[in-house]
Amino acid sequence: MPVHGWVLGRAALALLAAILGGCGLWRPTPVPMRTVVLEAACVQRPTTLLVFLPGSYSLPEDFVTHGFVAAVRGQQIAADIVLVDAHLGYYSERSILERLEHDILAPARARGYAHIWFVGISVGGFGALLQAAATADTSAGIDGIVALAPYLGERRQSAAIAAAGGLAAWQAPARSAVPIDEEGLWRWLQAHASRPSPLLYLGYGDGDRFAFSQRLLGAVLPPNRVFTAAGGHDWPVWETLWQTLLPGLPLPRDPSCAG
């Protein structure tokens, strides 16, 4: 199933790499993307899939190291998990949406998963939101997104939204609906943030380097879907946020699932 393209300029990508602390030498981008599949041990096969997208220079295994997977199992959530090595190189090539569709979503639908959630950190949150925006008008949508410390584009775009009185009051310039860019993502967030599908949960540290943009998004979300913690843009904060918000996520629980 085709997805809309998206646009992020080379200058913005270079800036993003610098902000996120990368050396600029992105890792290879194999096709398909490397994944780690972790099936739940339940009596009945789960029909829910959790897709974890790491930050730009993190590895999928970091979600195991930092307790994200153990927290899911401890809650006896009836969901299989796929950890995706969706690093910054795929964003540089502008292939991230194509790869998510062909390597993750299409196989998941073929396997019969009825519900798909994305959990994305930093640029992984950006990717999850892009994916939701790109498939908003199709039947290939996702049920929910947990965006932890998401990168939401360049500061000048966020500043323009803030100057307009916030995201609810912002009037985006008229333009065509093709490809998704940062402005298009904010346009989608404005229209869909408080709607029932996909459910969007936001978490970030109060000292996060992207907190200015994250607060703009949080202001239009229902208060019970916005979580903050003390700290900056790093794993200890994300671990705290995940442990805090996970019990309230509307995910299926099954006592037969091994903890």
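When a residue number appears, it is its place in the shown sequence, counting from 1.
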- Query: Which word best sums up how the rings of H192 and W188 line up, parallel for under 30°, tilted for 30 to 60°, or perpendicular for over 60°?
  - Reply: parallel

- Task: Mind checking the OH-OG1 spacing from Y204 to T228? Nearest 0.5 Å is all I need.
- Result: 6.0 Å

- So, D206 side chain and G231 main chain: donor-acceptor pair closer than 3.5 Å or not? yes

- Query: Is the backbone N or O of A191 less than 3.5 Å from a side-chain atom of R195, with the two atoms forming a donor-acceptor pair by type?
  - Reply: yes

- Item | Pair F63 and W238, ring centroids less than 6.0 Å apart | no

- Single-linkage hydrophobic cluster, 4.5 Å side-chain cutoff, F118 and L245 together: no

- Item | Nearest atoms (heavy-atom pairs only) where F52 meets V72 | CZ-CG2, 4.3 Å

- Message: Please verify the inter-ring angle class for F210 with Y151; under 30° counts as parallel, over 60° as perpendicular, anything in between as tilted.
- Response: perpendicular

- For the side chain of D208 and the backbone of A149, is there at least one donor-acceptor N/O pair under 3.5 Å apart? no

- Reported CG-to-OH distance for the pair L88 and Y91, which is rounded to 0.5 angstrom: 8.0 Å

- Message: Could you walk me through whether L202 and L200 satisfy the side chain to side chain contact (heavy atoms under 4.5 Å, CB included) test, starting with their C-alpha distance in whole Å, then the side-chain angles of each, then the deciding distance to 0.1 Å, before giving a yes or no?
- Response: CA-CA 7 Å; L202 172 67; L200 175 55; 5.6 Å; no

- Message: When you measure from the centre of the six-membered ring of Y113, is the NZ or CZ of R45 closer than 6.0 Å and no more than 45° off the axis?
- Response: yes

- Without swapping roles, check the side chain of H87 against the backbone of P28 for a donor-acceptor pair under 3.5 Å. yes

- Heavy-atom pair with the smallest gap, counting every atom of D85 and P60: OD1-CD, 3.5 Å

- Message: Is there a continuous path of hydrophobic side-chain contacts, each under 4.5 Å between heavy atoms, that joins V123 to I104?
- Response: yes

- How far apart are the closest heavy atoms of P107 and E101, and which atoms are they? CD-O, 4.1 Å

- Determine whether more than 12 heavy atoms belonging to other residues, nucleotides or ligands lie under 6.0 Å from atom CZ of R253. yes

- In sequence, state the C-alpha distance, the side-chain angles, and the governing distance for S213 and W186, and then conclude on side chain to side chain contact (heavy atoms under 4.5 Å, CB included). CA-CA 10 Å; S213 301; W186 279 107; 4.1 Å; yes

- Message: Determine whether E98 and V31 satisfy the following criterion, side chain to side chain contact (heavy atoms under 4.5 Å, CB included), listing intermediate values before the conclusion.
- Response: CA-CA 10 Å; E98 180 181 6; V31 175; over 6 Å; no

- Interatomic spacing from CG in L148 to CG in L53 - rounded to 0.5 Å: 11.0 Å

- Identify the heavy atoms of C42 and A78 that sit nearest to each other, and give their distance. SG-CA, 4.2 Å

- Message: Treating Y90 as the side-chain partner and P30 as the backbone partner, does any N or O pair qualify as donor plus acceptor under 3.5 Å?
- Response: yes

- Of all heavy-atom pairs between A229 and V237, which one has the smallest distance, and what is that distance? CB-CG1, 4.1 Å

- Message: One pair to check against side chain to side chain contact (heavy atoms under 4.5 Å, CB included): T135 and I142. What are the steps and the verdict?
- Response: CA-CA 8 Å; T135 57; I142 56 181; 5.7 Å; no

- Task: Let me see the working for W235 and F68 under ring-ring contact (aromatic ring centres under 6.0 Å, His included), right down to the final yes or no.
- Result: CA-CA 11 Å; W235 278 105; F68 277 61; 5.7 Å; yes

- Item | Hphob cluster co-occupancy, V146 + L221, side-chain heavy atoms under 4.5 angstrom | no

- Could you grab the distance from atom CG of L189 to atom CG of L129, nearest 0.5 Å is fine? 5.5 Å

- Query: Is there a path of hydrophobic side-chain contacts, each under 4.5 Å between heavy atoms of I, L, V, M, F, W or Y residues, that connects V220 with L130?
  - Reply: yes

- Message: For the CZ atom of R99 and the CD atom of Q131, what is their distance to the nearest 0.5 Å?
- Response: 12.0 Å

- Query: Given the rule that I, L, V, M, F, W and Y join up when any side-chain heavy atoms are under 4.5 Å apart, are L217 and L199 in one cluster?
  - Reply: no

- Item | Residue from I145, V51, L251 passing side-chain contact (heavy atoms from CB on, under 4.5 Å) with W117 | L251

- Message: Distance check, rounded to the nearest 0.5 Å: Y201 atom OH versus L246 atom CG?
- Response: 11.0 Å

- Query: Checking side-chain contact (heavy atoms from CB on, under 4.5 Å) against L83, which of V37, L59, L38 comes through?
  - Reply: L38

- Message: When you measure from the side chain of D181 to the backbone of G184, do you find a donor-acceptor pair of N or O atoms at a distance under 3.5 Å?
- Response: yes

- Item | Minimum heavy-atom distance between A169 and A164, given as atom pair plus value | CB-O, 3.5 Å

- Item | Any Q214 side-chain heavy atom under 4.5 Å of P150 side chain | yes

- Exam field: side chain S256 to backbone V43, donor-acceptor pair closer than 3.5 Å: yes

- Item | Sidechain N-carboxylate O distance under 4.0 Å for E182, R156 | no

